[in-house]
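In what follows, a single structure is set out as structure tokens and then discussed.
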2 protein chains.
Amino acid sequence: MAQDAPRSQPTRRERYRAQTIREIKEHALRRLAELGPDGLSLNAIARAMGITGPALYRYYASRDALIEALTDDAYQDLVQTVRTAVDGVPAGEAGNRLRVLMEAFRGWALTQPHRYLLAFKTPLTGTVPPRAATRHANSVVAAILCAVVPHESDTPARFAPEGPGVSLEQERQEQWSTAGSCAGVDGPVPARALLIWSRIHGLVDLEVTGQFSALGLDPSALYCAEAAALIGEPG
Amino acid sequence: MAQDAPRSQPTRRERYRAQTIREIKEHALRRLAELGPDGLSLNAIARAMGITGPALYRYYASRDALIEALTDDAYQDLVQTVRTAVDGVPAGEAGNRLRVLMEAFRGWALTQPHRYLLAFKTPLTGTVPPRAATRHANSVVAAILCAVVPHESDTPARFAPEGPGVSLEQERQEQWSTAGSCAGVDGPVPARALLIWSRIHGLVDLEVTGQFSALGLDPSALYCAEAAALIGEPG
DNA sequence: CCCTTTATTTAAAGGAAATCAGCAAAAACG
DNA sequence: CGTTTTTGCTGATTTCCTTTAAATAAAGGG
């Protein structure tokens, strides 16, 4: 947990270890893309890397730990991609920012569907990820909010009725100092961000899982229609 | 393949076999609900039934075959539930039909999230289900269309641009005589049904996977907002 | 009562996850 | 330089799963 190195410079070992971890993730993502989430086997990754299975357990405590790390990376990468894309559009052009947001989101998901499914297909319900889920969901909503709330705290309506809004503020300050640069996002999440998220997710998820192609049609026009609809009803 | 019995009455063996299949599915669904999709093991099912593992291979050729059967059931059940719910509302009240459609869809998904995930989170992309995917997607769209297209072929816009609209009509007549009662659904799927589907799916999927509860909020108000929005822009 | 079909079992091959004991090399320390 | 510790890895083992193949019990039909 606590790093012994005083953060002056990473030792040779640390660099080597970090590189190995990177290599493990690369192989894992490759197998994930080819074989699907169930085909992800630590043994196979090790074999592909030229080492034996148990060697990987020095880097990840279990198969689930590796999957969790990949999921974390996926959320982070998705959010980062969306953020940089949106940041390329002036804050004044709300409509264009939304369009860019949707295209960035969709593009990321379509170019690496396995990672999108890894992030959103896993039933967080139940017992699987306790805190990570909150962190991930918050990061996505924060990115959307950042993208489309024009100036500052617009917040046309609020959700999160009365009960369990406790652990939210905690999490936000514990783990989310990196989010930053989003003004007026202290209270419950504004409804507009959730609306946008659910519409984007609906389209992207149906497309990624192949439902549209099963129907024999191209959903591009639907994205345009949804973007237009969202711009038309800006809260 | 071909049934020898002339369909006059099922023999004792056939009844016994059907009951066994039902029992297998029950145990499978129970384990699916408890352990998730990856925890579904033919051996465990057999053990719970008091028989040995290989005995199940008389009923399902493989684990995937069982999953496929469960997926088929899930789609059929979902569509059936939605249809009967919507049929309880007069055809004139388009807004209420849409609301009932959304609530039926959501209710079905929330009461059995494992079946919803089984149906929609399996990456059909790639090699998994060739024809079944088309059948399933069509059944969902047909049910939505049936629910909300007011009188007959409204079809405000059309998708499926030009290319691969070949196997659609074939499938529709081969396997879809049961759909029936849907007027004006010969050509490409109207955009409105896809719009409704993607919005419902976005909300339901985020809720089922626990993203909303991870945010600490109740998405009920979002459903109302989306229903109102869809009624407000009826194409 | 025999014979065919069906249901189920045992046996076994093949693979994966996870854990343990042990070995070698690099690093850290004297 | 030499010793100790940490780190990376191997091999063996355990358990569990899927799936095939062969042997056995049960049921139905002539």
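The figures that follow rest on heavy atoms only: side chains count, while hydrogens, waters and symmetry mates do not.
- Judged by distance alone, the side chain of B/Arg63 and the main-chain N or O of B/Leu40 form a donor-acceptor pair under 3.5 Å.
- The heavy-atom pair separating A/Ala191 from B/Leu222 by the smallest distance is O-CD2, 4.2 Å.
- No donor-acceptor distance shorter than 3.5 angstrom exists from the side chain of B/Ser213 to the backbone of B/Gly216, with no hydrogens or angles considered.
- Atoms CD1 (B/Ile45) and P (D/dT19) sit 12 Å apart, rounded to a whole Å.
- Heavy atoms only, all atoms of each residue included: B/Ala61 and B/Ala65 are closest at N-CB, 4.0 Å.
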Return all side-chain donor-acceptor pairs below 3.5 angstrom for residues 100-119 of chain A, not counting sequence neighbours, or 'none' if the list is empty.
residue	atom	partner	partner atom	Å
A/Arg106	NE	A/Glu207	OE1	3.0
A/Arg106	NH2	A/Glu207	OE2	3.0
A/Arg106	NH2	A/Ser220	OG	3.3
A/Trp108	NE1	A/Asp77	OD2	3.2
A/Thr111	OG1	A/Gly107	O	2.9
A/Thr111	OG1	A/Trp108	O	3.1
A/Gln112	OE1	A/Arg115	NH1	3.1
A/Arg115	NH1	A/Asp77	OD2	2.8
A/Tyr116	OH	A/His201	ND1	2.7

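- C/dA18 atom P lies 10 Å from atom CG of A/Leu66, rounded to whole Å.
- How far OG1 of A/Thr71 is from NE2 of A/His136: 7.0 Å, rounded to the nearest 0.5 Å.
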Any protein N or O atoms within reach of nucleotides 26-29 of chain C? Criterion: under 3.5 Å, listing atom names and distances.
residue	atom	partner	partner atom	Å
C/dA27	O4'	A/Arg13	NH2	3.4

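- Counting only distance, with no hydrogens or angles, the side chain of A/Thr134 and the backbone of B/Ala214 share a donor-acceptor pair below 3.5 Å.
- Atoms CD1 and OH, on B/Ile24 and B/Tyr60 in that order, are 6.0 Å from each other to the nearest 0.5 Å.
- At a threshold of 4.0 Å, the pair A/Asp205-B/Lys121 counts as salt-bridged, since one of the basic side-chain nitrogens sits closer than that to a carboxylate oxygen.
- In this structure, A/Pro37 and A/Leu32 approach most closely via the heavy-atom pair CA-CD1, 3.5 Å.
- Residues B/Phe120 and A/Gln211 meet the side-chain proximity criterion, which asks for heavy atoms closer than 4.5 Å.
- Applying the side-chain hydrogen bond (donor to acceptor under 3.5 Å, both in side chains) rule to pairs touching residues 22-38 of chain A yields A/Lys25-A/Asp73, sequence neighbours excluded.
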Show each protein N/O and nucleotides 14-16 of chain C N/O combination with a separation under 3.5 Å, one pair to a line.
residue	atom	partner	partner atom	Å
C/dA16	OP2	A/Arg47	NH2	2.9

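- Only at 4.0 angstrom or more do the heavy atoms of residues 17-24 of chain A sit from any atom of DNA chain C, so none qualifies.
- Expressed to the nearest 0.5 Å, how far CG of B/Leu66 lies from OH of B/Tyr57 amounts to 10.0 Å.
- Near DNA chain C, defined here as any heavy-atom distance below 4.0 Å, the residues from residues 51-59 of chain B are B/Ile51, B/Thr52, B/Pro54, B/Ala55, B/Arg58, B/Tyr59, listed numerically.
- A/Tyr60 has its OH atom 17 Å from the C1' atom of C/dA17, to the nearest Å.
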